[in-house]
Structures are given as C-alpha cells and as structure tokens.
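All residue numbers refer to positions in the sequence shown, counting from 1. Computed from a predicted model, the values in this text were never measured in an experiment.
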Amino acid sequence: MEDLLILAIGAGAAAAFMAAALILFTLCPRRSQLQHSGTPETVLLFRNGEVVDFTQDAAVLFDRTVLTGMGWDEVRETLLPGFPDLPEELPGRPLHWRSPHVGNAELWADPAGSRLHLRLQCTPDGAATLFRARCQSDEYHRLSEMSRNAPDALWQTDDDGQLIWYNEAYEHLCASTGHEIDGTCPVDIELPSKRVERSTRISIKPEGQPQRWLEVVSRPVEHGWVHYATSIDSLVNAEMAQRNFVQTLTKTFAHLPIGLAVFDRDRQLVLFNPALVDLTHLPVDFLSAKPNLLSFFDHMRENRMMPEPKNYASWRDKLYDVVSAAREDRYCETWNLPSGLTYKITGRPHPDGAVAFLIEDISAEISLTRRFRSELELTQSVLDCFDDAVAVFSRLGVLTFSNAAYRAQWKCDPDSAFAEITIVDATKEWQQDCQPSPIWADLREFVLTLRDRQGWEAQLTRKSGEQLRCMVQPVAAGATLVRFTSLPVQAEETAQPDNRRKAVG
C-alpha cells in the first residue's frame, strides 16, 4: 500500500513538472527559437518615439551605457551607414531592410500603436570573421577618435558631392564661415573628371577674422571622395613676404649701374637687372629664357663682350672652376675688352648653391688711374731734372716725395725702405751729416704743426765743407716742401755761415 502511494506521488510530481515545462515553452516560443537558431538579435523598444527598453548588446552598438530616452534621429544616425534607406521619420508600418554594405545584416520595424519593435539581425559568418572583427574593433575606435579630433578639417562626400561624414574641425570650419553643416561646402572645390588625387589652394574669410588659406587634398575612395584641409597661413605669408622682398630687391637692382646675373644650383639664370643688358648687349628675350651658364658666356663671347681666350674649348671646361671659385667667394677678374672698355667680374656665393656674377664697368676708373699715374710720372721726371734736392713731407710728417738730387745728396732711397721715413728720421740723417745747427727742432715742429705757417730758410754747412741753403715752404693739404740748394764756395773771411732762421716772402 505504501509503495503504491509513493508511485502515485512521483507520477503526480512528474506530471506537474511536464505541465510547467509545457507552459513555459508555450509562453516563450520566440526565445526558444532564437536560442536554437543561433542567429542573435539586437532589439530596441520604442514608446511614443523614445527608447524605453533594449537588449544588453545594444549598448555596444551605440557606444553608450544608457539608451533610455533616445529618439529616432539618434538611432537612425548610428544605423544609417549600414542602412542608407532608413526614413527620416519613425516608421508607421512594418518595414524590412537589407544592408548593401554589411553582409547578412537585416533590420525589421514592427510598429504596434504607440510602440515600435526595432530588430537588428546579423547572421555570423563564422568564428574567423567574428574573431577578426573583435580584434579590429579597438583599432577602429582608435582611428575614429583620431580622425574625429584631428586639428585639420576632414570630410567625405559621395560622387555627387553630398556630405557623408565629417569631423569636429569641419564643424568649426562651417561655423566660422557661416555655412550649415549639411548644406553647401564652406570651401569651393572643383573635382577632376578623372579619379585622381588633386590639391587645391583656397582662401576663406571667417566672420570678424583675417583671411585664412587652406590647402585641400581630395583623394578618391570607393564610395566618393575624402577631403583633407590643412592650414597654410604661415606658408602663404612667407611666400608673400618673399615676393615683396624680391620685388624690393628687383627695384633696387634696377637702378644699380652694376650688372647682376644670378644662377641657381642647376646653373640656370634666374635673376638679372637692366644694367646687365646694357653692359653685355645680350637680348632681353634671351636672358628671360633662363639660359644656362655656358650659353650665357657663349653669347657674351659672340658679342665680343669678353676677352677672347687662347683656347676657348679649354676655357669652357674651366668655367666649372670659375663657378667653384665664385661659390667660395674668391673669383675676381678684370677684362680688357677689344672695344677699349674694362670690366671687373666678381663671383659671389648665394644660398642653396646659387652663384651671382657682378659685372662692373671700371673703364673710367682705369682711365683716371692711368692719367693720374702719368701725371705723377711727369712730375717726377720734371723734378728729377732740378739740381736742388727736394723732399715733400705730409701733414703727418711722412716723406711722400723726393727727387733724384735728394736721393744722391743724402744717399737714401725712400722707395726701397722697409718702413716709412718720417721727418724725425730725415732730420737725424741730415743732422749727422751737417755741422751743429739750431734749426732741426724748429724744422720738425714746422712740419708737424697744423696752424697757419710762413716759409723760412737757413744756411747749413755739411761736414764736407759744402754750403747749403735749406728752404722750408708750406704747400697744399698741410704738406711741407724742404729744398736744399748748394751755395758757391765763399772767401775765407766770409766762410762762416749764418745758421739763423730767415723768413721767406
């Protein structure tokens, strides 16, 4: 009897368990089906247009922990890259979408009154795909963060120019220029007909700010174009400063009488001034065509504006030595041209391997120097004909001029002396060869004084017995002329000279 009671209780418990299992299976058929099908779903429940409930993995999709209160616009913005056909308004009827970009991804919208079930389903491709997607997730977030916070404006457009994606710098660019983000692009870019990379330099004028310059690089991608805008304000300002500097130099060089020719590191003429045209007689169109260094000197030779070398072929080979010397700032030559002109050619190094040649007409200077030298030689030859010994001292007391009679009388050659001969040195020599006289100190003082002076003379007697008249006379530029004249032999009773100073004139 007890055994039957135990069996009855066990059968009742088993029946109750089976009934409970059946009820649970009946109440949750979808959950059981999803678990057995192996296809995961992400579900959002909307009520009155806002999310009120969601599955746990939805937080990963939207990258936020709390989704409650999200509207349809926020959900649509996240899903739009995979489902570009999503409507702007909350669906009011059952709809189904397949993603054209993500394989096996489907989206269902099931509205029911004020509620809407939004289900995202994506059939897994296998363990390898899931593993790789998980590994690339961190890289994706890192690259997304970098592009979003990049200091340069980045944005992507489709083939029709419609905006697809942009970063925060692009938002600031639109705000500073008064453009709507979803409206027209704040920069005017003309895309090439062929899908090749193009760089465009543009300027924008933000409200209340100075003009800005951007360089936009547009690169073709699979679904449109990606644009990178970099600020080049400093580069443009530097170019403008350089352009103004070059213009200033050009205006300055235009008034220089010295011809200027600047060759770059490739030995091409990059800069010249009008004086170069006048001095070389080279055509302006030839110089504007940026000839090389060899062509430049070839044309100068054809115009007979340079000395004819003995061997022109070897001279052309030596031009490279000329360039090397100019780069080291040690090239300087004087050209005597067949026309009688004289040119001075100087080479100067310039930055970045460039070389500048300066051509200066020094014919007038050479002519003046030759004429001055001729006059000096004439004066010297005239004074050398005098019997009187003549010496000229500068205002500083340095012997600057003497004739042949002076050099013979006092047995000295100032031209061969190692150091300059001063009035002190000269008077010592004279004093040693003459009998005592009080005029030497007066003579030194007279030569070195700067006040107004009056000429004077005195007689001297050399130790040989020769009688001399010493005449001291001021001349131009504060110089002093000292002249020694030999006197005839006097009678014995008048042989004693008068060494006192006597004013002249």
Side-chain angles (χ1 to χ4, degrees), residues 30 33-34 37-125 129-130 133-134 136-137 139-141 143-145 147-148 153-168 170-171 174 179-185 220-227:
R30 182 174 297 176
Q33 182 180 1
L34 290 175
S37 65
T39 303
E41 284 186 345
T42 298
V43 182
L44 297 177
L45 177 61
F46 287 81
R47 180 174 295 167
N48 296 326
E50 294 183 354
V51 176
V52 296
D53 199 4
F54 51 89
T55 56
Q56 185 176 1
D57 60 343
V60 178
L61 176 63
F62 294 93
D63 195 19
R64 53 191 294 182
T65 57
V66 179
L67 276 64
T68 304
M70 288 178 56
W72 170 251
D73 292 339
E74 298 179 75
V75 175
R76 178 178 179 271
E77 182 180 356
T78 302
L79 297 177
L80 198 62
F83 301 95
D85 297 332
L86 290 179
E88 296 182 1
E89 301 294 335
L90 192 70
R93 58 186 179 87
L95 295 174
H96 171 241
W97 299 274
R98 291 182 179 275
S99 175
H101 307 310
V102 183
N104 302 327
E106 298 181 69
L107 186 66
W108 286 270
D110 299 322
S114 62
R115 296 185 301 175
L116 171 68
H117 280 82
L118 189 66
R119 296 185 295 113
L120 173 63
Q121 188 179 89
C122 185
T123 304
D125 294 335
T129 303
L130 292 176
R134 185 59 181 173
Q136 292 178 344
S137 176
E139 183 179 3
Y140 163 75
H141 288 293
L143 295 178
S144 177
E145 190 72 14
S147 60
R148 187 184 307 113
L154 309 177
W155 69 97
Q156 183 179 1
T157 57
D158 58 15
D159 293 329
D160 298 329
Q162 297 297 320
L163 185 64
I164 299 177
W165 175 89
Y166 53 89
N167 66 346
E168 294 181 0
Y170 180 83
E171 295 182 12
C174 291
H179 287 74
E180 296 292 337
I181 295 180
D182 294 335
T184 59
C185 182
V221 292
E222 184 178 358
H223 301 290
W225 296 80
V226 177
H227 310 278

Using 0.5 Å steps for rounding, measure from the [atom1] atom of [X] to the [atom2] atom of [Y].
X: Asn167; Y: Leu154; atom1: CG; atom2: CG; answer: 4.5 Å
X: Leu118; Y: Leu79; atom1: CG; atom2: CG; answer: 6.5 Å
X: Glu106; Y: Arg98; atom1: CD; atom2: CZ; answer: 3.5 Å
X: Leu86; Y: Leu107; atom1: CG; atom2: CG; answer: 6.0 Å
X: Leu67; Y: Leu61; atom1: CG; atom2: CG; answer: 8.0 Å

Legend entry - Worked verdict on Leu44 versus Val75 for side-chain contact (heavy atoms from CB on, under 4.5 Å): CA-CA 10 Å; Leu44 297 177; Val75 175; 4.0 Å; yes

Inset, instruction - Hey, could you give me each pair passing side-chain hydrogen bond (donor to acceptor under 3.5 Å, both in side chains) that has a residue in residues 50-62? Not counting sequence neighbours. - result: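 Listed by first then second residue: Thr42-Asp57, Thr55-Asp57.
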
Inset, instruction - Kindly state each residue pair satisfying side-chain hydrogen bond (donor to acceptor under 3.5 Å, both in side chains) with at least one member in residues 82-95, sequence neighbours excluded. - result: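 Residue pairs with at least one partner in residues 82-95: there are none.
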
Please list, chain by chain and in numerical order, all residues satisfying salt bridge (charged side-chain N to carboxylate O under 4.0 Å, His left out) with [X], sequence neighbours excluded.
X: Glu145; answer: Arg148
X: Arg76; answer: none
X: Arg115; answer: none

Legend entry - Polar side-chain atom of Ser99 near backbone of Gly82 as donor-acceptor pair, under 3.5 Å: yes

Inset, instruction - Check whether any side-chain N or O of Asp160 sits under 3.5 Å from a backbone N or O of Gln162 as a donor-acceptor pair, and report yes or no. - result: no

Inset, instruction - Not counting sequence neighbours, list each pair that qualifies as a ring-ring contact (aromatic ring centres under 6.0 Å, His included) and has a residue in residues 70-100. - result: His96-Trp108

Inset, instruction - List the steps and the verdict of side-chain contact (heavy atoms from CB on, under 4.5 Å) for Arg119 and Asp110. - result: CA-CA 8 Å; Arg119 296 185 295 113; Asp110 299 322; 3.5 Å; yes

Which residues pass the side chain to side chain contact (heavy atoms under 4.5 Å, CB included) test with [X], not counting sequence neighbours?
X: Asp73; result: none
X: Pro84; result: Pro100, His101
X: Glu77; result: none
X: Ser114; result: Arg47, Asn48

Inset, instruction - Please name the pair of heavy atoms, one in Pro111 and one in Pro94, separated by the smallest distance, quoted to 0.1 Å. - result: CD-N, 3.6 Å

Legend entry - Residues in side-chain hydrogen bond (donor to acceptor under 3.5 Å, both in side chains) contact with Glu74, at least two apart in sequence or another chain: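 Only Arg64 meet the side-chain hydrogen bond (donor to acceptor under 3.5 Å, both in side chains) criterion with Glu74.
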
Inset, instruction - Might you work through the side-chain contact (heavy atoms from CB on, under 4.5 Å) test for Leu116 and Leu45, ending with a clear yes or no? - result: CA-CA 6 Å; Leu116 171 68; Leu45 177 61; over 6 Å; no

Legend entry - Among Trp165, Tyr170, Trp225, Tyr166, the one residue meeting ring-ring contact (aromatic ring centres under 6.0 Å, His included) with Trp155: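 Per the ring-ring contact (aromatic ring centres under 6.0 Å, His included) rule, the option paired with Trp155 is Tyr170, out of Trp165, Tyr170, Trp225, Tyr166.
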
Legend entry - Thr157 side chain reached by His227 side chain, heavy atoms, under 4.5 Å: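 Yes, close enough: below the 4.5 Å cut-off.
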
Legend entry - Residue pair Val66, Phe54: steps toward the side-chain contact (heavy atoms from CB on, under 4.5 Å) verdict: CA-CA 10 Å; Val66 179; Phe54 51 89; 5.9 Å; no

